[in-house]
Amino acid sequence: MSVYAMVKDTSVTEAVKAALTKLISQDLVDAVLVAAKSPYSALPMPTLFANAEAMDGIDPLAPAAPFNAARQAATVSRQATGKRLALVLRPCEIRALIELVKLNQCTLENVVLIGIECLGRMENEVFLRHAAAQGDVTAEFLKNTSLQDDITRTCKMCEQFEPAHADIVMSTLGMAENSVLFASGSETGEALLKELGLSPAEKPAERETVTKQLLEKRAAFKKEVFAETSEKINSIEKFEEMIGTCLNCYNCRQACPVCYCKECVFLTDVFSARPETLLRRAQKRGSVKLPTDTSMFHLTRLSHIAHACVGCGQCSSVCPSNIPVADIFTTVAAQVQARYDYVPGRDVQEPIPYLMFEEKQKSGEPK
Amino acid sequence: MTTQNKPRIGVYICHCGMNIAPKVDVEEVARSIQTLDHVTVARDYKFMCSNPGQDMIINDIKELGLNRVVVASCSPRMHEKTFRNAVKTAGLNPYYFQMANIREQVSWVTKDSQEATEKAKSLVAAAVGRVFFHQPLETREVSVTKSVLVIGGGIAGMQAALTSANAGYEVYLVEREPSIGGHMAKFDKTFPTLDCAACIMTPKMVDVLQHPGITLYTWSEVHKVEGFIGNFEVTIKKNPRYVDEKKCTGCGTCMQKCPTKKVVSEFNEGLSFRTAIYTPFPQAVPNVPVIDADHCRVLGQNKKCGVCVKFCETKAIDFEQKPEFVTLTVGAIITATGFQAVNPSGMEQYGYGRFPEVYTSLEFERLNNATGPTSGKVVMKNGKVPERVAIVHCVGSRDTRHKKYCSRVCCMYSMKFAHLLREKTGAEVWEFYIDIRSPGKLYEEFYNRVQEEGVRFIRGRVAEITDIVDDATDEGRLTVIAESTLTRRTVRVPVDMVVLSVGLEPARGSEDIGRLLGVSRDGDGWFNELHAKLAPVATPISGIFLAGCCQGPKDIPDTVAQSMGAAGEAIALLAKGIVTTQAEISRIDPDLCSGCKSCIESCSYSAIRFDEARKVAVVNEALCMGCGSCAAACPSSAAGVKHFTDQQVMGEIESILL
Amino acid sequence: MSQNDTNPFSTIAHLESINQCIQCGTCSGSCPLADLMDHAPRELFALIREGAYEEVLHSNTPWFCVSCYACMVRCPREIPVTDLMYALKEVITKQGTAPQNLKMPDMYQAFSRNIKDTGKVTESLVMARYGMKHPMDALKNIPLAIKMQMRGRLELKAQKVADPKSIARLFELTETSKDKP
Amino acid sequence: MVKSMSDFQPKIIALVCNWCTYTAADLAGTSRLSYPANIRMIRMMCTGMIDPKYILKAFLDGADGVFIGGCHPGDCHYINGNLKFKKRMAGMEAIIKQFGFDENRLRLRWIGASEGPEFQHNMTDFIQTIQDMGPSPAQGIMVL
Amino acid sequence: MKICFYPGCSFATSAGYKESTEAVCRKLNIELNEIPDWNCCGATVMFGENKLRATALAARHFALVQTMGFEDLVTGCNACYATLRKAARLLTEDQELFQKTQEVLQNLGLKLDRIPKIRHLLEVLMEAMPDSTSDRYKTLSVGAYYGCQLTRPDQDLDKGDYPEILEHFLDRIGFSVKEHSARTQCCGASHAVIYKNECQGLSQRIIREIANKGAEVIATICPLCQFNLDQAQIQDNGPRLPVTYFTQLAGLALGLAPAELGLNKLLVSADKVLTRP
């Protein structure tokens, strides 16, 4: 049974700051990774804090994430340093982190996961526009529904806005103004909440209904996007139309938190086409667009991470040609994950489907 | 493909006499292949595999400076070796060669010759597309340490050790009990010849002790195993005996004087007691006792005692002994961890543990053995000789709730017991069986002889053993209830003693040995042999072999035969002295490897280890079989099988389709 | 076991499990009333496997099954022997081939009829109806009945559910015959 | 069944394992069991070695069908390479299906080393299936 | 504690099972919600006549339990326990049977969605009964008799051939328990009524074994076992052991008077044993 606590302050951001700074000041952890505004930009970036006073600019509930912070969290928790680490992450970032743990890219040893109930993020330039207009975008975002419509298309179809794997969860849905609900997600979380000395509270009743409504809205939109996208790419020709403007810049791979290869195979000589190969392709097909292997890149990337895609939408956000890469990847990922009954980030013990091949099997037709 | 050896490909289309030529227009194929990039020469010839054919290739390589060769002829499974040797004799790396199968897979299976020619062209083009990306490969030799580790000192381990040592190789035999001998040392007689177990085994045990080539580690366990075929680094943990082996003369005074008398004797299956300082049985090898720390007053309850110290003339007792670790390198490992008897207390209907006169087969063996608790006299707990005894077959075996397999030896040892009972006690013996399985040499004859001795064989699996008696005169006896299926009667036989012929299961701890060695186990816990028929003593881990019951229940004749087989395999490996690694094995590029270990998870041969320092996976070339599971599991293609790289396979696909 | 249409037992669930029977006799050895049976339970399985359906249809073995499940928990092939005995009784009842002089089918018939009429079982009434076919047996129980009466344990009045017609309706709805199993 | 689109000659890539299906193909050859010439066979040491991108490349380069032949479970020369590939099949089918390739253009079958006739039957049957399906959607369009 | 109780047809006419159960439950304030308008579970008869009918007869109670809002259904008779569990198992395994049963019950105006967990009265008392505080009955040696269908065929409550939960229970509530080997031997069940001579031996064998092992009283958990062991003693001249219900012994342990527990209804009287100081 979870334990609840509530912090009320002049603003939601202050409320969060009040709690999180205690993590260091009361020596509960040695460092905190949390999104914070730098002196140079309003866009909150994942920042590692080792002392409480420096945490002035933290704003984790801001509706903005320049990239999926799982990759940065993985660098700081690459291997256990003996230091206690708190990672303040969104649900899709935690789920991506869990997948990276499975791939031996980082460890959860003496790591505390503080999950944010994420109501969606805006594209960076949209967020900056709002930041310019009014100071505390976070507070405004929680109050004003029109701002909430500015979140990205992928966030609008996200049903997993409640973090599953977190020790502590910070949420605002159904809460009174300027107050944040802290819930424990594990024993460690419970112990930490007690240590933080936050005033215990009851889970407000209307949270139930508000969360349910949001879930239904998101689920409906997701169904719509899947149907629409599936229709738009259900032939190879239509797919070519979708990626007609792709520049092979591989930004989508760079932004993807679960695309973990040190060097992508498409950058190795396996795919660096040689002159006579290009000439022969041109002879056979009449012409060949350069760079080649664009479809090959997207389909191969799908075959590598479709099972692990956490639907964070960053691939669409970084595409210079505004191709809805996230629509394509989440649509196909849903089908692949359903076939393996696998949910990325659900459980760190759940093995990756391709590495679980049954030993004994009746010899019948493999179909 | 470095720039200086720009590919110069020679293509040779074989007529194969009449097998390819008429159907496939070989000239047309040669003509069209000549037009492909990097093809220096394309010829057709009647018999490419003949000497003139091979010479043509060798000359072209020399004269035209060819550095790639393609032969389109029969299946590579037939002549790949032949042509590779030809290429090699011409001084070119044999792996700069690719075949196209235009006989079995074109001319012999295609009706229309025009279609056959087109298919041949396409397959040859594919071979050319592939050979372009071929790399020179070498096989490597790994030297083999000329020594063998044998785990387990039962009859299987001893035999494997003796055969290997007799071949002149250094043998290290590790046994966790104080003495070698295993379960066989507990037996009185052995079927079917009724040899006395001690008579045929003690000489072997002494041979093992005295054999110059065998180093014996008893009261020791295998602690860690690393390395690979030919170069296993093994760490052995020698548990403290608290008796100095060099000083002890085996006089046994300490064992008589030790005040702690009431320790349950494992060797006697709990039917008698032993002292805290003990040897399991009189003919123990080595004949050096161990002190059981838990029960020793000094070591266990740190009380004052030291009786053994006082009476030991050679001052061999040493309470300060600590565990010792010995590391050694061996070329091969033979696992002979054996079996243990199934514990029948899970079958409440047989009352084992509740009724004192219900014995397991191993307990009954000890009753029969002269060194046993009753010095070989078969008597009940009250000392009386039983007048009627029941022997129950298939206890725990052939039963989906317990062990679904037949344990192979119980029918024969049950009949041995029946014979011993008839001979020693004259008791009436009722033997309840489902099917008598006596398949070995002289086995059926032994069954016949036991029938002659008046043993009553009842075909029916015992349903229940109870101490409720039907008629008062049988008070104190057990009643065995079963249906005699051949006479369709339910028989209720009052008896004085019951022997449960329990089945076999893997020895305690075999799971840990499996993990240490990386050898997998089947659903029932027995070690998996590489192939039931073609490689029954090998395991998927090259250099590790199996002997005896650890691979599955078997009797002593089969065990000894298999142990000699396992030793034979080990000796073959050591005699050769080198292990040539395959050329077409996996290689992991450390610059590309992201350390995600997917390859390690996919490898069925534990051939990839993880370099914690550099955080990359490294292939152990001696263990890799080249199956490519790691290549398919690696998204960045850091892992790849030499000779089946992405470029080569995709080059082949592209040459076919474009 | 030929699955041809003449096999009256082909509709029985898990019947194929009898193919695994190794005729070891554990079931008959465990059976309290095995001595009263013309065939051991395992024999019925062997007979069905050999297609000797008539002999099984007329056997008294299923009627002596006290449903103590001892055979089922001890069978080394985990064949559901007791469940199969129930299923055999169902087929035999529908085929109407139970041995004529056998008492148990008549007892079961009386028991079932009492439930159909009242929804409950009143032992005395069941014994009365059974007694019409086996008067001598019923009379033997009179002394015991008196002892029960003296201890207020003899219920003569029929126990009924609120609406017995609904139970009769249940019987109608679940009516299956030989050809419509 | 009348051969529809008789002039359409499908081009089929077959990735087969050396120890079982390739041997069965040779056996079909020595037994002179003929089948249409649309199959282009590529010899792999094991189906467990087949990287998903080989299948994607085949389809994108215009193959009308891709056939994977491996050993029966339990017979794999490398213990369970065949099962490793089988586990990836479901994911591959989902991807190619979404992009307009009929799921049945990709077929996995176990063919033992001694099963020459089964090999012939599988080739004929698969070619006929692809024949009925018609050319691959990637034919005749510019694949980027 | 509230339980939904299924009495079964032989509960009322038993030798005090009804009285002792009600008395003990009152004492331990366990609310016995008897299913209103329950019908006969079909015992060992109906599954031998018609599988669908037998399942429907049992499943009628599952629908009633659902409307009463209970998760579990408790019964005190081994035959009812085994029959209800068999119907529950068949309904979960066989989807087609489940649909057909649903249709039949719909016709009778009943809705079946969920199948309750079937539990024996012994399980309830094992949880509810307090440890004994007096050694008043320490001198009374009891033989525990399980009958067949509590631990078979599922063997989930305890081992099929050698259960011990009743022994532990009786020992915990203050009786001295005697181990014996007839704990799950069959008493002849309904066949003992019709084939009196042939089945006589079964019950007598059990009584003799329990007496041999030093018990003075037998504790049973099923009306039919109690009836057979009780009436088998008035025919022969073997040992005389009163055959009680475990609820009667529990009542005594709770200090209730024998009269309240229907102990006067036993054929072999228990007075001699109970009046001892």
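Since the structure is predicted, the reported quantities are computational estimates derived from the model, not experimental observations. To find a chain, count down the sequence lines: A is the first, B the second, and so on, and within it residues start at 1. What's counted below: heavy atoms across the whole structure, side chains too, no hydrogens, waters or symmetry copies.
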Worksheet item: Picking from C:Thr93, C:Val73, C:Val91, which has the most non-hydrogen pairs under 4.5 angstrom with chain E?
Response: C:Val73
Worksheet item: Under a 4.5 Å heavy-atom cut-off, does chain E meet the side chain of C:Thr174, its backbone, both or neither?
Response: both
Worksheet item: Which region of C:Glu123, side chain (C-beta onward) or backbone (N, CA, C, O), has a non-hydrogen atom less than 4.5 Å from a non-hydrogen atom of chain E, or is it both or neither?
Response: side chain
Worksheet item: At a heavy-atom separation under 4.5 Å, does C:Met104 approach chain E through its side chain, its backbone, both, or neither?
Response: both
Worksheet entry | Option in E:Glu198, E:Gln185, E:Gln155, E:Arg152 with maximal non-hydrogen atom pairs under 4.5 Å from chain C | E:Arg152
Worksheet entry | Region of E:Ala15 in contact with chain C, defined by heavy-atom distances below 4.5 Å | both
Worksheet item: Side chain, backbone, both or neither: which part of E:Leu90 has an atom under 4.5 Å from a heavy atom of chain C?
Response: neither
Worksheet item: Can a donor-acceptor pair be found between the side chains of C:Asn114 and C:Arg129 at a distance below 3.5 Å?
Response: no
Worksheet item: Relative to chain C, which segment of E:Arg89 carries a heavy atom at a distance below 4.5 Å: side chain, backbone, both, or neither?
Response: side chain
Discussion item. I'd like to know which of C:Pro62, C:Cys65, C:Ala87, C:Gly152 tops the heavy-atom pair count under 4.5 Å against chain E.
Written reply: C:Cys65
Worksheet item: Should C:Leu44 and C:Glu55 count as side-chain neighbours, where that means a heavy-atom distance under 4.5 Å?
Response: no
Fill in: Toward chain C, the part of E:Cys199 with a non-hydrogen atom under 4.5 Å
side chain
Response to the item:
The interface call for E:Thr184 against chain C, heavy-atom contacts under 4.5 Å, is neither
Discussion item. Testing the 3.5 Å rule here: is there a donor-acceptor pair between the side chains of E:Gln149 and C:Ser67?
Written reply: yes
Worksheet item: Hey, does C:Met148 have a side-chain heavy atom less than 4.5 Å from the side chain of E:Thr13?
Response: no
Discussion item. At a 4.5 Å cut-off on heavy atoms, which part of C:Ala138 comes close to chain E: side chain, backbone, both, or neither?
Written reply: neither
Worksheet item: Based on non-hydrogen pairs under 4.5 Å, which of E:Ala189, E:Cys148, E:Pro153 is most in contact with chain C?
Response: E:Pro153
Item to complete: Using a strict cut-off of less than 4.0 Å between a Lys/Arg side-chain nitrogen and an Asp/Glu carboxylate oxygen, indicate whether E:Glu22 and E:Lys18 qualify as a salt bridge.
Response: yes
Worksheet item: Among E:Leu57, E:Ile234, E:Asp94, which has the most heavy-atom pairs under 4.5 Å with chain C?
Response: E:Leu57
Practice prompt. Indicate yes or no: at least one non-hydrogen side-chain atom of E:Thr151 is less than 4.5 angstrom from one of E:Lys159.
Written response: no
Practice prompt. Decide yes or no for E:Leu263 and E:Thr244: does some side-chain heavy atom of the first lie under 4.5 Å from some side-chain heavy atom of the second?
Written response: yes
Practice prompt. Indicate yes or no: at least one non-hydrogen side-chain atom of E:Ile221 is less than 4.5 angstrom from one of E:His120.
Written response: yes
Worksheet item: What residue in E:Val104, E:Leu108, E:Asn50 has the most heavy-atom pairs under 4.5 Å with chain C?
Response: E:Asn50
Worksheet item: Cut-off 3.5 Å, side chains only: do C:Asp106 and C:His134 have a donor facing an acceptor?
Response: yes
Worksheet item: Which answer fits E:Asn264, side chain, backbone, both or neither, if we ask what part of it has an atom under 4.5 Å from a heavy atom of chain C?
Response: backbone
Worksheet item: With a 4.5 Å limit on heavy-atom distance, are the side chains of E:Leu229 and E:Ser203 in contact?
Response: yes
Discussion item. I'd like to know which of C:Leu33, C:Ile92, C:Asp83 tops the heavy-atom pair count under 4.5 Å against chain E.
Written reply: C:Asp83
Worksheet entry | Side chain, backbone, both or neither of C:Tyr130 within contact of chain E (heavy atoms, under 4.5 Å) | side chain
Discussion item. Let's test your reading of the structure: which of C:Gln159, C:Met85, C:Met107 forms the most heavy-atom pairs below 4.5 Å with chain E?
Written reply: C:Met107
Worksheet item: Heavy-atom distance under 4.5 Å to chain E: side chain of C:Met127, backbone, both or neither?
Response: side chain
Worksheet, complete the sentence: Looking only at C:Lys103, C:Met72, C:Gln109, most heavy-atom pairs under 4.5 Å shared with chain E are made by C:Lys103
Practice prompt. Would you indicate whether the side-chain heavy atoms of C:Leu15 and C:Asn7 approach each other to under 4.5 Å?
Written response: yes
Worksheet item: Using non-hydrogen atoms only, which part of E:Leu52 is less than 4.5 Å away from chain C: side chain, backbone, both, or neither?
Response: both
Worksheet entry | Heavy-atom contact with chain C under 4.5 Å, split by part of E:Leu202 | side chain
Item to complete: Give the member of C:Lys89, C:Arg74, C:Arg151, C:Lys140 that has the highest number of heavy-atom pairs under 4.5 Å with chain E.
Response: C:Arg151
Fill in: Stacked cation flag C:Lys120 on E:Trp38, 6.0 angstrom / 45 deg
yes
Item to complete: Under the salt bridge (charged side-chain N to carboxylate O under 4.0 Å, His left out) rule, what do E:Asp158 and E:Arg183 come out as? Steps first, then yes or no, please.
Response: CA-CA 12 Å; E:Asp158 203 338; E:Arg183 50 194 67 201; over 6 Å; no
Item to complete: Determine whether E:Lys100 and E:Lys51 make a side-chain contact, defined as any pair of heavy atoms from C-beta on separated by less than 4.5 Å.
Response: no
Worksheet item: By a 4.5 Å heavy-atom criterion (distance strictly below it), what part of C:Phe111 contacts chain E: side chain, backbone, both, or neither?
Response: side chain
Practice prompt. Sort E:Asp161 into side chain, backbone, both or neither according to what part of it lies under 4.5 angstrom from a heavy atom of chain C.
Written response: side chain
